[in-house]
Amino acid sequence: MSTLTLRAAPPERLDLLRVNPLSLSGLSVAEASRLPVGTSRRGLLLGDCFTLALDGSDTLTIEGGSDRLDRVGASLSGGHIRVVGDVGQRLGEGMVGGTLTVTGSAGPFAGSGATGGTLTIEGDAGDHAGGAAYAAKAGLDGATLVIRGRAGNYLGDRMRRGLLVVGEAGAFAGSRMIAGTIAAASVGDHPGYGMRRGTILARAHGAIAPSFVETGTHDLVFLRLLARSLRALSPAHADLAAGALKRYSGDLATLGKGELWVAAG
Amino acid sequence: MAAWVKGGAADADAAIDAAAALLAQARMPVIAGLCAELSAIRAAYGLAGAIGASLDPIAGPSLYAELGSLSRSGAMGTTPAEAIGRADALFVVGNAPWDRPIVASLAEGGPTRGRAAGAERTILSLGGPRNGATRHVAYPAEPGGLAIAIAHLRACAKGHLADETAYHDLARRLFAAQYGVVLYAAEEVGEHGVEMLQGLIKDLNETTRFFSLPVSDPFQGRALLQLSAWTTGQAPRVGFGRGLPEHDPWRFDGARQVASGEADAALWLASLPAPRPDWLSRLPSIAIVGEGSADATADAAEIVIAVGVPGASAGGAIWDERRGAIAYIPASGHAAERDAAAVIEAIRDRINAGTLAEC
C-alpha cells in the first residue's frame with residue numbers, strides 16, 4: 001500500500017488529478033515528488049506538501065485530509081484510494097472504476113460525471129454531490145455514490161445513471177435528473193425539480209412541488225429489486241424500499257417520467 | 001487624482017507603488033467587482049494573467065444564472081428593439097424587471113411590424129409587485145418561489161396538470177399571443193428557474209412565437225462576459241494561478257476564497273457604482289473606485305485610488321441596455337487625471353519592473 005502523508009495544512013488548493021495508484025505505480029519517490037499539484041503561481045509539487053511512501057501497489061492511502069484537496073480520485077480507472085480526513089471539490093470526478101473512500105467530509109460536486117466504481121463518503125458532502133459541474137454533460141453517470149452523513153443542496157442534479165445513497169439531503173435533491181436512482185433517509189424541499197426520469201426514494205421529505213402528483217401506493221417488483229441492491233450498501237435504506245411507500249409522479253413540467261417514492265403513513 | 005494608503009492621503013504614484021508591492025507578494029490575489037469600462041476590465045484581465053490572480057465580477061450571480069441554463073439547454077432570445085416592434089404579449093416574471101425602462105417602453109404602445117402588427121399589446125405578470133402604474137394582468141407566484149411557480153405554469157401549459165389554479169388561464173393567454181416576450185432577471189429567477197422558463201418558451205414555440213428577454217445586470221456583466229470570452233475563451237470566473245485561464249465558478253468565487261482564507265490580497269475595481277462587499281476589509285486590499293463616489297474614501301481599503309468615471313470624467317465603452325450592445329460613452333465633464341485602465345496598467349508595469357515575490 002502506497003501512502004501520502006500530508007505534512008501541514010496546504011497553503012493553497014491542491015489539484016490531485018494526477019495522483020492515483022496507476023500514475024504512481026511506475027514512479028520513484030523522487031519522480032512522484034515532482035508531480036505538480038499547486039494551483040497558484042508558486043508551483044507547489046507533491047513532495048512540497050506530502051511525505052511519500054510508494055510500493056507500486058493498486059492501493060493508495062492519503063493520510064491527513066484537507067478541504068483544499070481537489071479532484072482526489074478524479075478519472076480513477078481502477079485500484080483503491082482511501083483518504084483519512086476531508087477532501088475538497090470534485091471528489092472522483094469522471095471516475096471510471098475502482099473504489100474511493102473518504103473518512104471525513106467532501107466539498108461540492110463529489111462524483112460528478114463518474115461512470116463507474118464506488119465512492120463512499122463517511123462524513124458529509126457539499127452541494128451538488130453527484131451533480132453536474134458547470135457546462136458538464138451530466139452528474140453521476142453510472143457510478144455508485146454513498147454518503148453516510150448529510151449532503152447539501154442539489155444532490156444528484158442532472159444525474160444520468162447510477163445509484164446515490166445518502167443520509168440526509170438538502171433542498172432540490174434530484175433536480176433536473178435525467179435518470180438513475182437516489183435513496184435518502186430524508187430530502188429537503190422540492191425534490192426532483194425538473195426531473196425527466198429517474199427514481200427518488202425518501203423516508204421523509206420537505207415541500208413537494210405542485211408539478212408532482214400523487215399516484216397512490218403500489219407493490220412493484222422493481223421496489224423489491226431496489227431493496228435487494230441497497231441491502232449491501234445500507235440496510236436502513238433497503239428496509240425503506242421494502243416498506244409501504246407512496247408514489248408521486250413528476251416533474252410534470254418536463255417529461256414527467258420521474259418518480260418520487262416516500263414512506264406511506 | 002485622489003489616493004490614500006493605509007488611511008493617509010498619498011499621491012497617485014505612491015499609491016500605485018504600494019498596490020504593486022501588495023499584489024507582487026500575494027500567493028492568491030483576487031480581482032473582484034469589475035464594474036467598469038471595457039478598457040479597465042481588459043487591463044484587469046491582463047494584470048491577473050501577469051500575477052496569477054483570479055477574477056470574480058460582481059455581476060457573477062446574474063451571469064451564471066443565465067450561463068448555467070444556456071450551457072445545458074440553450075435559449076430562445078430577442079432584443080429590446082424587436083420586442084418593442086413585434087410583441088403583442090409581454091410576460092414579466094418576478095419583481096426585478098419592473099424597475100427597468102423597457103417595461104414602460106413596451107407598455108406605451110403596441111406592435112408595429114410583423115405578424116402581430118396593429119394588435120393590442122397584453123401585459124401579464126407572474127410574482128410581480130402588482131405595479132399600478134402599468135396596466136397588466138397579475139398572477140401570484142407559488143409560496144416556494146418563482147422557480148416553483150414557473151414549473152407549475154409549465155406543467156399547466158403542457159396539459160399535464162388538471163388542477164384548478166389560475167395558471168391554466170395564464171397558459172391560455174400565453175398561447176394566444178402571436179409574438180410573445182418573457183422579461184425576467186436571471187439572478188432573481190435562479191439557474192433552475194431560468195432553465196424551466198426557457199423550457200416553457202420552447203413549449204410555447206410549438207404553437208406560436210415566444211422569446212426571452214432577460215434584463216441585464218446593472219454592473220456591466222454583459223460587456224464583461226464578451227470581453228472575458230474573447231480574451232480567455234471562458235466565462236468570467238477564471239484564475240491564472242497555473243499560467244493559463246482556468247474556468248471554475250465555484251473555486252473562483254471571491255467571497256468564498258476570502259471566507260476560506262485562500263485569497264491573501266484583493267483588488268476591487270468599480271469605476272462605475274457597485275456595492276463594495278463586506279469581505280474587502282478582511283484582507284489586504286486595493287480599491288480602484290470612481291472619483292466622487294461613496295467609496296472614494298480613505299477607509300474603503302488599505303490602498304484607495306480614485307479614477308475617472310465613464311460618462312462623467314472619463315470616456316469608455318460600456319453596456320448600453322437599450323441597444324443591447326457595447327457602446328462608447330464620452331466624458332460629459334472635465335476629464336480625470338487618470339482612468340482605471342491607466343492605473344491598472346501602471347500597477348502591472350511596476351510589478352513587471354520589479355521582481356515578483358519568491359516562492
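Throughout, protein chains are lettered first and strands after them, A, B, ... in sequence-line order, and every chain is numbered starting at 1.
Taken to the nearest 0.5 Å, the NE2 atom of B:His192 stands 7.0 Å off from the CZ atom of A:Phe172. Note that CZ of A:Arg41 and CZ of B:Arg242 are 15.5 Å apart. Values are rounded to the nearest 0.5 Å. Taken from OG1 in A:Thr254 to CG in B:Asp203, the straight-line distance is 9.5 Å, to the nearest 0.5 Å. For the atom pair OG of A:Ser40 and CG of B:Asp264, the computed distance is 9.0 Å after rounding to the nearest 0.5 Å. Rounding to the nearest 0.5 angstrom, the gap separating the OG atom in A:Ser211 from the CG atom in B:Leu153 is 10.5 Å. Remark: B:Glu246 CD to A:Thr39 OG1 distance equals 7.5 Å, nearest 0.5 Å.
Residues B:Arg154 and A:Leu252 are not in side-chain contact: their nearest non-hydrogen atoms beyond the backbone lie 4.5 Å or more apart. For the pair A:Arg176/B:Glu191, a side-chain contact is recorded, criterion being any heavy-atom separation below 4.5 Å from C-beta on.
Heavy-atom distances place the side chain of A:Arg13, and not its backbone, under 4.5 Å from chain B. Proximity to chain B is absent for every atom of A:Pro36, based on heavy atoms less than 4.5 angstrom apart. For a residue to count as touching a neighbouring chain, one of its non-hydrogen atoms must lie under 4.5 Å from one of that chain's; by this rule B:Ala235 touches chain A with the side chain only. No part of B:Leu200 comes within reach of chain A, as not one of its non-hydrogen atoms sits under 4.5 angstrom from that chain. With a 4.5 Å cut-off on non-hydrogen atoms, B:Tyr64 touches chain A through its side chain but not through its backbone. Looking at B:Ile148, the atoms closer than 4.5 Å to chain A (heavy atoms on both sides) sit in the backbone and in the side chain alike.
Among residues 151-162 of chain A, the residues having any heavy atom closer than 4.5 Å to a heavy atom of chain B are, in sequence order, A:Tyr154, A:Asp157, A:Arg158. Residues of residues 123-133 of chain A never come closer than 4.5 Å to chain B when only heavy atoms are counted.
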*Given the rule in the side chain to side chain contact (heavy atoms under 4.5 Å, CB included) test, do A:Asp15 and B:Arg251 qualify, once you have shown the distances and angles that lead to the verdict?*
CA-CA 12 Å; A:Asp15 183 355; B:Arg251 182 147 65 101; 5.9 Å; no

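Nearest approach of B:Lys158 to A:Ala253, heavy atoms of both residues: CE-O, 3.1 Å. Of all heavy-atom pairs between A:Tyr193 and B:Ala151, the closest is CE1-CB, 3.6 Å. Across all non-hydrogen atoms, the minimal contact from B:Ser71 to A:Ala135 is OG-CA, 3.7 Å.
Comparing B:His152, B:Met196, B:Glu142 by how many heavy-atom pairs each has under 4.5 Å with chain A, the most go to B:Met196.
Aromatic ring pairs are classed by plane angle as parallel below 30°, tilted from 30° to 60° and perpendicular above 60°; the pair A:Tyr134 and B:His247 is perpendicular.
Every pair passing salt bridge (Lys or Arg N to Asp or Glu O under 4.0 Å) that includes a residue from residues 247-256 of chain A is listed here, sequence neighbours excluded: A:Arg247-A:Glu259.
Sparse packing is recorded around CZ of A:Arg18, with 12 or fewer heavy atoms of other residues, nucleotides or ligands lying under 6.0 Å away.
By the salt bridge (charged side-chain N to carboxylate O under 4.0 Å, His left out) test, B:Arg27 is found to be paired with A:Glu12, residues two or more places apart in sequence or in another chain being considered.
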